[in-house]
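Got a structure here, written out as structure tokens. Questions coming.
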Amino acid sequence: MPELPEVETIVRGLRSRIVGTTIEGATVRLARMAIPPAHASFDRAIGGELVTGVTRRGKYVVVRLGSGRSVVTSLRMTGRLVVARRGAPEHPATHLVLHLAGDAELRFSDVRTFGRMRLVEPDYAWDALLGVEPLSADFTPQALAGMLAERTTPIKVLLLDQRRIAGIGNIYACEALWEARIRPSRPARALTKPAVTRLHGAIVDVLQRAIASRGTSVDDYVDAEGRRGSFQNALAVYGRAGQPCRRCVKGRIVRILLGQRGTWWCRRCQR
DNA sequence: CCGCCGCCCTGCTTGC
DNA sequence: TGCAAGCAGGGCGGCG
């Protein structure tokens, strides 16, 4: 499922391929996947727009348009954004296609149809509820400590809260806690200062390494060119229930439920 | 503000 | 072997 590193990889791919091209129109095959501005139709509103940039905010892909509007896409679990030539074989669950000048198109597919592509007006603060970007200068050990203070929530549940830190999903929450040697169920306020510092470093480190590996493809994820990432080969805990810990070796990875989410960790070296 | 729950959806896994 | 139930999960709205 696309989290920050996967979305960042998609964004970089899109940036090199669609910036400077014009969106001639759109075909919306499944209406609920496309959210138009008020009192407008998605396909008519987007026709003729120039793509001026592609950025990321949390797990959202933001395509900036010449008019100042933006196309904000949430991929949720199984969404894909792929640039392809018109007529090339397409994913069977392609629900929305942006037709680009020339013979290219941007395809939005999603087996579970949880994803959304939203056309937002200039200056609309669509991301007002999103928290700090973990790879920005604003994300400091002190900022992290401030989020954890007084909170009884399990630290792993808190890492998934997009209102605090934007972009961490289930895979990287598990991996960062393993790297920091912290038990996922620990109440946030129970983390010592050194533990908070380790967690901060681990979050930044695991996200950067995952970006360098072009993301994690455990199931559906592919980048803007349709290629898989390789960070699944570097995972320490996610999906590794029953296998030995890659660090302490003697510990076994177990899977528990936290906040209704599967959570993997090493019983021996995470405390 | 906080925490928790259910819903959305389809494909894969599990169990009889 | 075949079928149905269960499970997975990010974001969001609703509730207390």
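In the text below, chain A, chain B and the rest are named by the order of the sequence lines, each starting its count at 1. For clarity, every value in this text was computed on a predicted model and none was experimentally measured.
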Distance check: side-chain N/O of Arg32(A) vs OP1/OP2 of dC9(B), anything under 4.0 Å?
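Checking dC9(B) against Arg32(A), a side-chain N or O does come within under 4.0 Å of OP1 or OP2.
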Length of the CD1-P vector between Ile256(A) and dG9(C), whole Å
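Going from Ile256(A) (CD1) to dG9(C) (P), I get 13 Å.
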Side chain of Arg151(A) only, please: which of dC9(B), dC2(B), dG9(C) is the nearest?
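So the nucleotide nearest the side chain must be dC2(B).
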Report the distance from atom OH of Tyr221(A) to atom P of dA8(C), rounded to the nearest whole Å.
25 Å
Under 4.0 Å between any heavy atoms, over every strand shown, what does Thr153(A) touch: base, sugar-phosphate, or nothing? Just pick one.
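If one applies the 4.0 Å heavy-atom cut-off, Thr153(A) turns out to touch the sugar-phosphate alone, with no base involved.
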Looking across every strand, which nucleic acid part, if any, lies under 4.0 Å from Gly262(A) by heavy atom: base, sugar-phosphate, or nothing?
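Answer is sugar-phosphate: Gly262(A) comes under 4.0 Å of backbone atoms only.
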What is the distance, rounded to the nearest whole Å, between atom CZ of Arg163(A) and atom P of dG3(B)?
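The distance from CZ of Arg163(A) to P of dG3(B) comes to 8 Å, rounded to the nearest Å.
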When you measure from the side-chain N and O atoms of Arg112(A) to the phosphate of dC7(C), is any distance below 4.0 Å, counting only OP1 and OP2?
no
Under 4.0 angstrom between Gln260(A) side-chain N/O and dC5(B) OP1 or OP2:
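Yes, such a contact exists.
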Rounded to whole angstrom units, what separation is found between the CZ atom of Arg118(A) and the P atom of dG10(C)?
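My rounded result for the distance is 20 Å.
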Winner on side-chain proximity to Tyr60(A), out of dG9(C), dG11(C), dG11(B), is dG11(C)
Do Tyr238(A) and Trp178(A) make the cut of ring centroids closer than 6.0 angstrom?
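No; Trp178(A) has its ring centre 6.0 Å or more from that of Tyr238(A).
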Is Met1(A) touching bases, backbone alone, or none of the nucleic acid, heavy atoms closer than 4.0 Å?
sugar-phosphate
Taking Glu3(A)'s backbone N and O only, do any of them form a donor-acceptor pair with Glu6(A)'s side chain (distance below 3.5 Å, no angle check)?
yes
Answer yes if the ring centres of His95(A) and Phe108(A) are under 6.0 angstrom apart, and no otherwise.
no
Between Asp110(A) and Arg76(A), does any side-chain N to carboxylate O distance fall below 4.0 Å?
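The answer is no: the pair does not qualify as a salt bridge.
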What is the distance, to the nearest angstrom, from the CG atom on Leu30(A) to the P atom on dC9(B)?
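Rounding to the nearest Å, CG of Leu30(A) and P of dC9(B) are 9 Å apart.
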Between Arg255(A) and Thr263(A), is there a side-chain donor-acceptor contact under 3.5 Å, judged purely by atom types and distance?
no
Starting at CG of Leu257(A) and ending at C1' of dG6(C), how long is that distance when rounded to a whole Å?
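After rounding, the gap between these two atoms is 13 Å.
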Just to be sure I understand the rule, does Arg255(A) reach a base, reach only the sugar-phosphate, or reach nothing, if contact means heavy atoms closer than 4.0 Å?
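Counting heavy atoms under 4.0 Å across all strands, the contact made by Arg255(A) is with sugar-phosphate only.
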Under 4.0 Å between any heavy atoms, over every strand shown, what does Asn170(A) touch: base, sugar-phosphate, or nothing? Just pick one.
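It contacts sugar-phosphate atoms only.
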Nucleotide forming a Watson-Crick or wobble pair with dG15(B), both distances under 3.5 Å
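Partner of dG15(B): dC3(C).
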Side chain of Arg76(A), heavy atoms from C-beta onward: which of dG11(B), dG3(B), dC12(C) has the nearest atom to it?
dC12(C)
Grab the OH-C1' distance between Tyr172(A) and dG9(C) for me, whole Å please.
16 Å
Whole angstroms only, please: what is the CZ-P distance between Phe114(A) and dG11(C)?
12 Å
